[in-house]
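Lettering follows sequence order; numbering is per chain, from 1.
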Number of protein chains: 2
Amino acid sequence: MAKKIARNQSVAIPEQTESVTLIDVARVAGVAPMTVSRALHRPELVRSDTARKVREAVRATGYVPNMLAGGLASSKSRLVAILLPTIANSIFADTVQALMDGLTASGYQTLLGLTGYSTAREEELVEAILGRRPDGIVLAGTSHTEATIKRLTKGKIPVVEIWDLTDKPIDMVIGFSHEQVGAEVARHLIRKGYQRFGVISVDDPRGLRRCRSLINELASHGKTNVPFEVLQAPATLQGGREGLSRMITSGCPEVVVCSSDTLAQGVLAEAASRGLNVPGDVAVMGFGDLSTAAHVYPALSTVRVDGATIGKNAAAALLARFAAEADKDQVAVRMDTGFSIIDRESA
Amino acid sequence: MAKKIARNQSVAIPEQTESVTLIDVARVAGVAPMTVSRALHRPELVRSDTARKVREAVRATGYVPNMLAGGLASSKSRLVAILLPTIANSIFADTVQALMDGLTASGYQTLLGLTGYSTAREEELVEAILGRRPDGIVLAGTSHTEATIKRLTKGKIPVVEIWDLTDKPIDMVIGFSHEQVGAEVARHLIRKGYQRFGVISVDDPRGLRRCRSLINELASHGKTNVPFEVLQAPATLQGGREGLSRMITSGCPEVVVCSSDTLAQGVLAEAASRGLNVPGDVAVMGFGDLSTAAHVYPALSTVRVDGATIGKNAAAALLARFAAEADKDQVAVRMDTGFSIIDRESA
DNA sequence: CTGTTAGCGCTTTCAA
DNA sequence: TTGAAAGCGCTAACAG
């Protein structure tokens, strides 16, 4: 196996591998270190030809600023942490993508942590992440351990809880009511005239709340004994298939409601493999990113709750909150969600 | 809007908000700062009752170590950066999840960067990320700008390029040949007896290479003029639908090969909505995470290339490389991939 | 096993 | 507009 070329070459030029510091740049540019720092971060404070000299020195030396040192001195890390249950097949993917795009554009870097739907794990991650002194923390959900809440509440860094609502946010919240979502869906389906329902969910807390609320609302309309299959999180296509398979043993419902789009995809696959016509034999409803789902099923129905849209819009709202960091009051921006259903009218 | 409760309360206890340092902990524990540092990071170096005193002091003070300071002093950041094209519907999701799980378990935190398939953007991100002095960098792909390569080559931090192969890796590579993948698939399908093919890809570089190689190999078996639809990255279900729609105008192929599983899902959806039987009327082939796909299509065929498996196994290999950081030779671990196809035998 | 000394590379604060 | 001094909070290296 060949030796690493570049590394060996660099050995031939002794000491040039030693990392270049701001002081080296200053020496080359013929100015004080502080002037280099200013030229780099607040160029409007130095004369333009000084700035030019510095820029050239930076290029000549191959200087890369050390943000650990900078952060330590200034207590600003330009780092935002995002904590999510999971990234695979995730209902959060779009939110995260948009959020990261915005943060990157604003010069922030993103530390990602995966909690696997465990608040204990979230606590550990928060603990560890706090050590990096992030300039902001985004948490999925509003349910956390006591320790997490305590740590985050007493700190002075902005915290945004997303994808849920609560009366006592740690700091800011952008989300919607999963209970309201479930109830809204139930009413929509009843209006459509469906009689026999089936519900499939993974055991993530928010998905379960949506589904339970749905079932309650159905019950209050006289539709009881709704089959309810719960699968292990995270949502997979296979989960959707299995859910439908199990459910179908006790007769096929007219409409199957899923806790997420991924599950709904799986139900579609299973239906196809059983020769069931969608929506002729069974209608299927998902939950998640409308911007994707709406395109996939051209004739789908959409159920709306509240005022904006999950995904990009929510992320935009979130960024706006970060921008208005000065405002230290509690804030709750409501986030809307979309549902996709392949139902009778879209046949 | 209510004032933030906790923040106001903490105002009542002046100065306690000022961040606790290691020196404070040392004072409370009645030891030297260095001893606190040791007790925290290398407890085996201090007497157990000293460690206990320190632990109590940490709890009493609510101390959170400042990793910026620690990193600066030790030049170890316990940070690993991962750069990917995208996170949404991503073929990388599983790799990333497994990788992060492993890294987190080993005490590393993960900085995520999204390049959107742009090497220029990758370059900017690398530049910025290097400022954080990560202990390792993972890059998707082996195609980078000159500047990126230069920066990464001369640095002393481990770099792992994944999901592709190359003769001149920056440091380490874990991947497979996309050309070989394409050719292998072509031969597999020809062995199966298919005559009329269709190919749908998004315009991501690796997907295109797989598809082009497939088409070349088909040509060398006398199958020319294979319909080839290219859609804009990233892959979406809608893209798959559109791809099949366009393709079908010039007659339905016996088998449609897609550059990713997401696209294949879309093709399935479109086929269903057109009343096409899969695999009776048209077989569909995806590419990506076998562990998911294999479960979804129980009777699928599998095509293998090389030796391991994309996803969790690849991530494990990757972590092993990090662990063996001492070995500074070039390394190329080959990574195998799986294909899923719903074809005639699985009818 | 524990403590002391001297920075890590940058920015804040003040002075020029 | 620029510079000098004094740390930020921690750990390496050595001494005890």
* Among C:dT4, C:dT12, D:dG3, the one nearest A:Met34 by side-chain distance -> C:dT12
* Asked: If you measure only the distance, is there a donor-acceptor pair under 3.5 Å linking the side chains of B:Thr145 and B:Thr148?
  -> yes
* More than 12 heavy atoms of other groups within 6.0 Å of B:Glu146 CD -> no
* To do: Hey, which sits more toward the 5' end of DNA chain C by its nearest nucleotide, B:Pro33 or A:Ile23?
  => B:Pro33
* Roughly how many Å is it from NZ in A:Lys76 to P in C:dT12, rounded to a whole number? -> 6 Å
* Check: B:Leu139 and B:Ile170 side chains under 4.5 Å, non-hydrogen atoms -> yes
* For C:dT11, does OP1 or OP2 lie under 4.0 Å from any side-chain N or O of A:Ser37? -> yes
* Structure fact -> Separation of C:dG3 atom C1' from B:Leu22 atom CG, nearest Å, is 13 Å
* To do: Enumerate the residues from residues 39-53 of chain B whose closest heavy atom to DNA chain C is under 4.0 Å, giving them by residue number; use none for an empty result.
  => B:Leu45, B:Val46, B:Arg47, B:Thr50
* Side-chain contact, heavy-atom cut-off 4.5 Å: A:Val25 with A:Leu22? -> no
* Asked: Donor-acceptor pair, A:Thr35 side chain versus A:Val31 backbone, under 3.5 Å?
  -> no
* Rounded to whole angstrom units, what separation is found between the CZ atom of B:Arg27 and the C1' atom of C:dG3? -> 16 Å
* To do: Answer yes if the side chains of B:Thr142 and B:Glu161 hold a donor-acceptor pair under 3.5 Å, and no otherwise.
  => no
* Asked: Whole-Å distance between C:dT11 C1' and A:Arg38 CZ?
  -> 10 Å
* Positions of residues 62-74 of chain A (non-hydrogen atom under 4.0 Å from DNA chain D), listed by number -> A:Leu72, A:Ala73
* Does a donor on one side chain and an acceptor on the other come within less than 3.5 Å for B:Glu123 and B:His144? -> no
* Would you mind reporting whether B:Leu79 and A:Arg132 have side-chain heavy atoms less than 4.5 Å apart? => yes
